[in-house]
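The chain is numbered in sequence order, starting from 1. Just so you know, these numbers use all the heavy atoms, side chains as well, and skip hydrogens, waters and symmetry mates.
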Amino acid sequence: MLRLTEDDVSKGVNHGRSTAAKINTEQETTVSDSPSVKWYLPPAELARDAHVSGMSQYLALCAEAEADYSSYWARLARETVVWKTPFTRSLDDSAAPFFKWFEDGTLNASFNCLDRQVNAGMGDKIAIIFEADGGEVTNVTYRELLSRTCQLANALKARGIRKGDRVVIYMSMSVEGLIAMQACARIGATHSVVFGGFSAQSLQDRIKDTGAVLVITNDEQMRGGKSLPLKAIVDEALASGHCDTVKDVIVYRRTGGKIAWNARDLWFHEVTESQPSSCEPEWVGAEHPLFLLYTSGSTGKPKGVQHSTGGYLLHAILTTKWTFDLKPNDIFWCTADIGWVTGHTYIAYGPLALGATQIVFEGVPTYPDAGRFWKMIQEHKVTIFYTAPTAIRSLIKAAESNPAVHPDRYDLSSLRVLGSVGEPINPAAWEWYHKHIGGGRCPIVDTFWQTETGGHVITPLPGATPLVPGSCSLPFPGIMAAIVDEAGKDVPDGQGGFLVIKKPWPGMIRTIWGDPQRFAKSYYPDNFQGKYYLAGDGAVRDAQTGYFTITGRIDDVLNVSGHRMGTMEIESALVGCADLVAEAAVVGRPDDTTGEAICAFVVLKRSRPSCDEAKAIAKQLRDWVGKEIGPIAKPKDIRFSDNLPKTRSGKIMRRLLRSVAKGEAVTQDTSTLENPAILEQLGKAY
């Protein structure tokens, strides 16, 4: 299945075809004279000491998984995770696609992250270097983190929270946010973190769907020098009366700003300060739901992705260790928010379970200026830096327009591994990142994964994988990725198709909370006979290297700055502005900064507006969508027309709208279009 072998790399022969390439294995270099492939080899020093060292070790792991898949994962689970009760069964696929891993084993995720390190003599090691929006720095050791987690866990128990209860966490990036997640895990409560940029309606929907009994939030959050409300949004979400399951709201005082106070509200510091600093962990089965995290789907209702404890923790630890080559003396920085899965796997669980020291950052990369990231890397001596292509592209623009914040002005020599997450990184941004941030010496791990996969599924390993800019390279060892056609048959290399994973893996989604039928239909569709996990993305595999490149979503889900949003969700919000909008259709178009931009086509209940009127209405609709979903869902383009392109059966022809949004000439067949004249109007629409 692999197109690149150790022999290929050393001899310059790819996929059985000789090339004129000459490969220097002692340094990074372009190693192929083919204009279609540009290689960067792992640095020799890094490769020599890496956890996965060289393609031979990578291939050996893949071969072990191919030979005995269940035993491969079982071996790693025994070596990697601390179990209270060792498991005796590895994979149970008897109720496929509802797979179970290590089902009869018991463990606790918080114990694996905190007690494990303290018991190993690392209590005084710094776990978190927290930098606030304003620049204040606080160091928290593993012993302190464990103590504060236990105090909150005891406070939750005192409020009646028990194993299996759901707790919604609506907080900013903070040490307290991580403590809240760890405290839930410690007592067996299932947490559901909601991104602090989501609206009251979005928060309410998630509280209702989970049946949460408690919410943990801030009074306010600080971002870019501004205080933004959180507690007020929680109050608005709960005011409808549709969230009667919530009995208490615990509020962390971040700013001391004025907030409304209700009978159910409790101060974080008051409920924890009198609690004991030790709390016996609740030992749960490996399949116990560790967390629910909501992600957009092709329908209007977000999906509550349910992850297990044992399998998820295994995948989080392994990918953190192998993908980043994480070592005990590293300073690791993942710039994600805990409201997204990246913040779960590569901040809250993976690094802590490995005893790492990591940066937790409250602010934004452009405050007080666009040199903030580079200044923090310089000051904290960051060695591993993991961020999104959107951030990279925006900082490229900032550096080009303002030499004072160019990364070349900062000492970034501490870096040894770079990472990219959330969306494919285009080759030009990859090259800039490699040259100006990595100094031409740091491998870039371009990671592909999803909320549903739990961790990386296709990614380079920095000590093993030759890099090709723009490609996420090869599957993580044990992930059986493939590209198939609509019938589930493998497609030839060089031909695009559906990205699937042919075998279950421990870190995968278990179900959609409260909707198992939707889970099976969404991820194990009938056209693949329910055998393959459908990622929802298209991909192509290079005929020369066998490397994977992600080509984009195959459903109506947009990826804007690494955040997935369903088009129907945004359309529903627009149509919800009932006094203005009669109909709306949303599509994506390429964007140099965010990767994909939201473009909305709107039919108003009034006549088509003038240009000045259109600007005012567009602002009103953007603000409305921001209120209904959150600022990240605001359309970048809004076009008004008298109608939408539809077939005679009434179906909106979205492929035509995508062409219009991109500014392309419409070349598709329009013979089934009920109203062909609408295309000219759409092209001229405001």
Side-chain angles (χ1 to χ4, degrees), residues 201-202 296-302 536 538 552-560 563-591 594-609 611 613-686:
Q201 183 62 56
S202 295
S296 293
S298 55
T299 67
K301 182 182 177 183
R553 297 292 298 178
I554 60 173
D555 55 15
D556 292 323
V557 175
L558 307 180
N559 191 333
V560 182
H563 307 322
R564 285 173 55 186
M565 285 168 282
T567 56
M568 188 175 290
E569 191 175 1
I570 303 170
E571 289 169 3
S572 298
L574 287 166
V575 175
C577 194
D579 58 334
L580 274 178
V581 178
E583 195 172 16
V586 169
V587 297
R589 65 163 177 79
D591 185 89
T594 60
E596 196 167 19
I598 301 169
C599 185
F601 294 84
V602 174
V603 177
L604 298 173
K605 289 185 174 180
R606 46 159 289 179
S607 58
R608 202 153 58 101
C611 187
E613 290 174 325
K615 290 178 181 178
I617 295 172
K619 182 182 184 305
Q620 183 179 350
L621 292 178
R622 286 192 184 95
D623 291 343
W624 173 265
V625 172
K627 182 176 184 298
E628 289 294 296
I629 302 175
I632 56 173
K634 290 183 179 181
K636 190 165 188 177
D637 298 340
I638 296 182
R639 300 189 182 206
F640 300 102
S641 62
D642 296 333
N643 209 329
L644 296 174
K646 296 180 181 178
T647 65
R648 292 177 179 85
S649 62
K651 183 179 180 181
I652 297 173
M653 298 184 71
R654 295 177 187 274
R655 70 180 190 276
L656 300 182
L657 293 179
R658 292 189 188 99
S659 294
V660 172
K662 294 175 184 177
E664 300 173 342
V666 175
T667 58
Q668 301 99 324
D669 178 16
T670 59
S671 60
T672 60
L673 194 61
E674 182 184 37
N675 49 348
I678 196 65
L679 290 177
E680 183 178 356
Q681 185 185 108
L682 287 170
K684 298 176 181 178
Y686 299 121

In terms of heavy-atom contacts, V575 and A584 come closest through CG2-N, 4.0 Å
Would you call D623 and K619 a salt bridge, using N to O less than 4.0 angstrom?
-> yes
Where do L621 and V581 come nearest, in terms of heavy atoms and distance?
-> CD2-CG2, 3.7 Å
When rounded to the nearest 0.5 Å, the distance separating CD of Q201 from NZ of K627 is 8.0 Å
Measure from the side-chain N and O atoms of E571 to the backbone N and O of V586, and report whether any donor-acceptor pair falls under 3.5 Å.
-> yes
Under 3.5 Å, is there a donor-acceptor pair between the side chain of R622 and the main chain of P635?
-> yes
Closest non-hydrogen atom pair, I617 against R606 = CD1-NH1, 4.1 Å
Below 4.5 Å, heavy atoms only, C-beta onward: do R639 and V660 meet side chain to side chain?
-> yes
What's the spacing between I598 CD1 and E596 CD if we round to 0.5 Å?
-> 8.5 Å
Tell me, do D591 and R589 make a side-chain contact under 4.5 Å, heavy atoms counted?
-> yes
Find out whether E613 and L604 are in side-chain contact, i.e. whether some heavy atom of one side chain is under 4.5 Å from a heavy atom of the other.
-> no
Shortest non-hydrogen pair, K662 vs P590, comes out as CG-CD, 3.7 Å
Can you name the closest pair of heavy atoms from F640 and A618 and give their distance?
-> CZ-N, 4.0 Å
Point-to-point distance, once rounded to the nearest 0.5 Å, from CH2 of W624 to CG of D579 = 7.5 Å
For the pair V560 and I632, evaluate side-chain contact (heavy atoms from CB on, under 4.5 Å) and give the outcome as yes or no after the intermediate values.
-> CA-CA 8 Å; V560 182; I632 56 173; over 6 Å; no
If we only count heavy atoms from C-beta on, is the I629 to I570 side-chain gap below 4.5 Å?
-> yes
